There are 2 protein chains.
Amino acid sequence: MASKRVTSFDVADLAGVSQSTVSRAFTPEAKVSKKTRQKVFAAATKLGYQPDAIARSLSTRHTNIIGIVMAHITSPFYPYVLDKFTQRLQEMGRQILLFNAAAGQDVDDILPLVLQYRVDGLIITSATISSEMADVLARDGTPVILFNRYVLGANCSAVCCDNVDGARKIADFLLDNGHKRPAYIAGDANTSTNIDREKGFGDRLRERGIIQWYHEQGEYTYQSGYDATLRLMQLAKPPDAIFCANDVMALGALDAARHALGLRVPEDLSIIGFDDIPAASWPSYMLTTIRQPVTRMIDATLDLLLERLDNPKVEPALKLIPGPLIQRNSTRVAETQT
Amino acid sequence: MASKRVTSFDVADLAGVSQSTVSRAFTPEAKVSKKTRQKVFAAATKLGYQPDAIARSLSTRHTNIIGIVMAHITSPFYPYVLDKFTQRLQEMGRQILLFNAAAGQDVDDILPLVLQYRVDGLIITSATISSEMADVLARDGTPVILFNRYVLGANCSAVCCDNVDGARKIADFLLDNGHKRPAYIAGDANTSTNIDREKGFGDRLRERGIIQWYHEQGEYTYQSGYDATLRLMQLAKPPDAIFCANDVMALGALDAARHALGLRVPEDLSIIGFDDIPAASWPSYMLTTIRQPVTRMIDATLDLLLERLDNPKVEPALKLIPGPLIQRNSTRVAETQT
DNA sequence: TTGAAAGCGATACCAT
DNA sequence: ATGGTATCGCTTTCAA
C-alpha cells in the first residue's frame with residue numbers, strides 16, 4: 001500500500017517551522033538562516049522528504065523538462081545524438097521527456113501531447129514540424145530547435161550540419177581523384193538533409209562539367225543502400241563512384257559491391273558516405289565520409305535553446321556547421337595525388 | 001510574450017457551463033451528456049485548449065509518465081530496446097521520462113530526481129539499483145522493472161535474456177563442432193549479464209571435460225573486443241574459438257583476426273557473439289550469435305510493469321527468456337555435421 | 001446530468 | 001529571517 005506521501009507540511013511540523021520555510025530551505029537562492037535550513041534538512045532526511053516536482057511546476061509555471069522528439073532512433077547516427085543531448089541536459093539539471101516519432105507519423109500530431117506536459121522547450125531531431133505548428137509554439141512561448149532538419153520561413157530555429165557544403169566537398173574529392181561516372185543514392189526524398197546533400201553534390205558536379213549522373217532512391221537504411229547498389233552496378237555503364245546520403249547506406253553499398261558483386265572497393269568502385277558513424281572506421285569498411293560535427297551541433301542547439309529559454313523573443317536562427325571530409329580507403333586516389 | 005494560458009475556466013465561460021463540466025468532458029468515462037460534451041469541445045478547439053497534464057497529475061496523484069533509466073545508450077543493442085519501449089509505451093498513451101545513466105554513475109544517485117517527478121513506474125535498463133533503493137521504491141509504491149539485469153533477493157522484478165542458457169548453447173555448439181581451445185572475452189565484470197554468460201559457458205565447458213580456457217577482460221565495446229583478441233592470439237597456444245560476451249566485441253574480434261592478424265575466420269579461428277545486432281548479419285561479418293528475443297523481453301517487461309501498476313503488491317518476479325542460436329559463417333563447422 | 005467547493009503540494013507575495 | 005495566505009489548473013466529492 002502506497003504509504004501517504006511526505007509533504008512539506010510534515011517536514012515543517014517535525015522541524016518546528018512553517019511550511020513556507022521548508023519551501024525556502026529547498027530553494028538555494030532563498031533567504032533562510034543557516035540554522036533553520038539545517039533543521040529543515042535534518043527533518044527532511046529523517047522523513048525521506050523530497051519536494052514534489054509536479055506541484056512545484058504547477059506553481060512556478062515551468063517544469064524544468066525539455067521535450068526531445070526523435071525519429072529513426074535506431075539509425076546508427078542518432079543514438080549518439082540522444083546520448084549527448086541527455087547527458088548535457090542532465091548536467092544542467094533538466095529532465096528529458098522523450099517522444100519517438102514513429103516512421104511515417106506526423107510530428108504535428110504528437111506535439112499537442114508534449115505540450116500538455118508543459119515542457120519548457122523542445123528539441124526535434126531528424127523530423128520536422130509544419131510552420132503552422134511552429135507558430136502555435138511560438139505563440140505560447142515554447143522554444144523549439146530543429147536538429148538536423150530545417151523549415152524555411154518557419155518560426156523556429158534549426159541547427160544542421162552544412163550538408164550542401166559537405167556534399168560539394170565530396171563531389172570535388174571524387175572528381176579530383178579521377179572519377180568519371182558518379183552516382184548518388186538518396187535518402188528519404190523529402191528530408192532537408194537529403195535535399196541539401198543531393199543539391200550540393202549535383203551543383204558542384206555541374207559546375208565542374210559533369211552534366212549527368214545516376215540517381216537511385218534509398219531510404220537511409222543498410223538494406224536500401226545494398227539494394228540500390230545492386231541496381232546501379234548492373235547498368236550498361238555502371239558508375240565508378242557512389243555517394244550515399246548516409247553512412248549506413250554506404251556500408252550496405254560496400255557489402256553489396258564486395259560480397260554480392262565481387263567487385264574490389266576502391267579499385268573497381270569508390271564509395272563514400274556521410275555521418276562518420278563508428279562502423280565507418282572499422283577495418284572491414286574504412287569508409288571515406290563527411291564527419292558530422294556532433295558535439296558542436298549539440299552545443300549550438302543547446303545554446304540556441306537556452307537563449308530562447310530566458311528570452312522567448314529572440315529571432316529564430318539557422319546554424320549551419322561544416323564537417324570535414326575523412327579520407328579512408330573506400331575511395332580510389334588519383335596517382336597524381338600523394 | 002507568452003500569452004496567458006487557456007484554462008478550463010475560459011472554456012467553461014465560452015461554452016456556458018461550469019468548469020467541473022469541462023473537466024468531465026475531457027474525461028472519457030465521465031458522465032456528461034453528448035450535447036454538453038460537444039459544446040465543450042467546440043469551445044475548447046476554438047480557444048486552443050488542452051488540459052494541463054501537470055495540474056491533472058497533481059490532483060490525480062499519478063502522472064502517466066514512465067521513467068526509463070538507461071546506460072550505454074549508444075551500445076548497438078540498446079537503441080532497439082529504447083525504440084521499442086518508447087513505441088509501446090506511447091501506444092498505451094504514456095509518456096517517457098528518460099534518464100541517461102552515465103558510465104560509472106550510480107543509478108541510486110539519480111533515482112531521487114526521477115522520483116521527484118512522480119513517475120508512475122520505472123524501467124531500468126542495463127543498470128542496477130541497490131536493494132535498499134528497491135525497498136524505498138517498494139515502500140512508496142513505485143513499480144520498478146529491471147531489464148537485462150537483476151539483483152538477487154532485491155525487492156524488484158527483472159526480465160532478462162536467459163544468459164546462462166545461451167552461453168551453454170554456445171559451449172555446446174563450439175564443442176560439437178570440434179573446437180578444442182575456447183576462449184572467453186568478458187564484458188563489464190560486475191554486470192549480471194556478464195556473470196551469467198561466463199558462468200553458463202564455463203559450466204558447460206567443464207561438464208564436457210574442458211577444464212581450462214582463456215579469459216580476457218573486455219568492456220562490451222568494439223575496441224575492447226579488438227584489443228583482447230590481439231592479446232589472445234599472440235599466446236603460445238592461441239585459442240581456436242572465441243566467445244565474446246556481446247556482438248560488438250565479436251565484430252571487433254573478427255576485424256582484429258582478419259585485418260590485423262591476417263587470420264581466416266572461421267577456418268583458423270571461430271568467433272561467436274551474443275545479442276544479434278543488425279551488423280551481425282551483414283555480409284562482412286556473418287556472425288554466429290545468440291539472438292536476444294527483444295520483442296518478447298519488452299513484452300514481458302511491460303506486462304510486469306502494468307501488472308504492478310494496478311496492483312503494487314504483486315510479488316517481484318524474475319523472467320528469463322531463452323534466445324536461439326543463430327548460426328552464420330564466423331564459426332567453423334565439423335565435417336561430420338551437415 | 002450539472003455546479004460549487006475542497007483539495008493536490010508546492011511557490012511567492014505580503015506582513016510581521 | 002519567518003509565517004500566513006492566495007495561487008497554479010486541474011479532479012473529485014457532495015448537493016442540487
Side-chain angles (χ1 to χ4, degrees), chain A residues 2-41 43-44 47-65 115-120 140-141, chain B residues 2-41 43-44 47-65 112-113 115-120 140-141:
Chain A
S3 53
K4 205 179 159 350
R5 215 188 147 76
V6 183
T7 76
S8 53
F9 282 93
D10 303 323
V11 178
D13 285 352
L14 183 61
V17 297
S18 76
Q19 182 271 338
S20 334
T21 300
V22 175
S23 173
R24 282 191 202 97
F26 278 91
T27 311
E29 63 275 16
K31 293 165 57 77
V32 194
S33 82
K34 238 181 176 148
K35 290 191 54 169
T36 33
R37 177 165 273 142
Q38 282 174 348
K39 268 197 306 191
V40 172
F41 281 178
L47 297 176
Y49 168 78
Q50 288 280 104
D52 184 314
I54 300 294
R56 168 184 290 157
S57 296
L58 184 57
S59 81
T60 58
R61 309 178 61 68
H62 60 257
T63 52
N64 214 19
I65 296 178
L115 295 182
Q116 290 199 351
Y117 280 85
R118 296 240 216 143
V119 295
D120 291 346
D140 77 26
Chain B
S3 53
K4 206 178 157 353
R5 213 187 149 77
V6 183
T7 76
S8 53
F9 282 94
D10 303 323
V11 179
D13 284 352
L14 183 61
V17 298
S18 77
Q19 180 270 337
S20 338
T21 300
V22 176
S23 172
R24 284 192 198 96
F26 278 92
T27 312
E29 63 275 17
K31 295 165 54 82
V32 194
S33 81
K34 238 182 174 148
K35 291 190 53 168
T36 35
R37 178 165 271 142
Q38 283 175 348
K39 267 198 307 191
V40 171
F41 281 178
L47 297 177
Y49 168 79
Q50 288 280 104
D52 184 316
I54 299 296
R56 168 182 290 159
S57 297
L58 184 58
S59 80
T60 58
R61 308 178 62 70
H62 61 257
T63 52
N64 214 17
I65 296 179
L113 242 174
L115 295 182
Q116 289 199 352
Y117 280 85
R118 296 239 214 142
V119 295
D120 291 346
D140 78 27

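What you see is a predicted model, and the numbers here were worked out from it, not measured in a lab. Sequence lines set the chain letters: A, B, ... in the order given, protein chains first and strands last, and positions in each chain run from 1.
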What is the distance, to the nearest angstrom, from the [atom1] atom on [X] to the [atom2] atom on [N]?
X: A/Gln116; N: D/dT11; atom1: CD; atom2: P; answer: 10 Å
X: A/Glu29; N: D/dA1; atom1: CD; atom2: C1'; answer: 16 Å
X: B/Arg56; N: C/dG7; atom1: CZ; atom2: P; answer: 22 Å
X: B/Leu58; N: D/dT12; atom1: CG; atom2: C1'; answer: 13 Å
X: B/Ile54; N: D/dG9; atom1: CD1; atom2: P; answer: 12 Å
X: B/His62; N: D/dT11; atom1: NE2; atom2: C1'; answer: 10 Å
X: B/Tyr117; N: C/dA10; atom1: OH; atom2: P; answer: 13 Å

Decide side-chain contact (heavy atoms from CB on, under 4.5 Å) for A/Arg37 and A/Ser33; before the verdict, give the C-alpha distance in whole Å, the side-chain angles of both, and the deciding distance to 0.1 Å. CA-CA 6 Å; A/Arg37 177 165 273 142; A/Ser33 82; over 6 Å; no
Evaluate the side-chain proximity of B/Val40 to B/Val17: yes if any heavy-atom separation is below 4.5 Å, no if none is. yes
Rounded to the nearest 0.5 Å, how far apart are [atom1] of [X] and [atom2] of [Y]?
X: B/Leu58; Y: A/Leu58; atom1: CG; atom2: CG; result: 5.5 Å
X: B/Phe26; Y: B/Ser8; atom1: CZ; atom2: OG; result: 9.5 Å
X: A/Phe41; Y: A/Thr36; atom1: CZ; atom2: OG1; result: 10.0 Å

OP1 or OP2 of C/dA12 less than 4.0 angstrom from a side-chain nitrogen or oxygen of A/Arg61, does that happen here? no
Any side-chain N or O of A/Tyr49 below 4.0 angstrom from OP1/OP2 of C/dA10? yes
Report which part of the nucleic acid A/Ser8 touches: base, sugar-phosphate, or nothing (heavy-atom distance under 4.0 Å, all strands). sugar-phosphate
Please write out the pairs of protein N or O atoms and N or O atoms of nucleotides 2-6 of chain D separated by less than 3.5 Å, giving the distance to one decimal.
residue	atom	partner	partner atom	Å
D/dT2	OP1	A/Ser33	OG	3.2
D/dT2	OP1	A/Thr36	OG1	3.2
D/dT2	OP2	A/Ser33	N	2.9
D/dT2	OP2	A/Thr36	OG1	2.7
D/dG3	OP2	A/Ser18	N	2.8
D/dG3	OP2	A/Ser18	OG	3.1
D/dG3	OP2	A/Thr21	OG1	2.5
D/dG3	N7	A/Arg24	NH1	3.4
D/dG3	N7	A/Arg24	NH2	3.2
D/dG3	O6	A/Arg24	NH2	2.5
D/dG4	N7	A/Ser20	OG	2.9
D/dG4	O6	A/Ser20	OG	3.1

Identify, with sequence neighbours excluded, every residue that meets side chain to side chain donor-acceptor pair (under 3.5 Å) alongside B/Thr63. B/Asp120
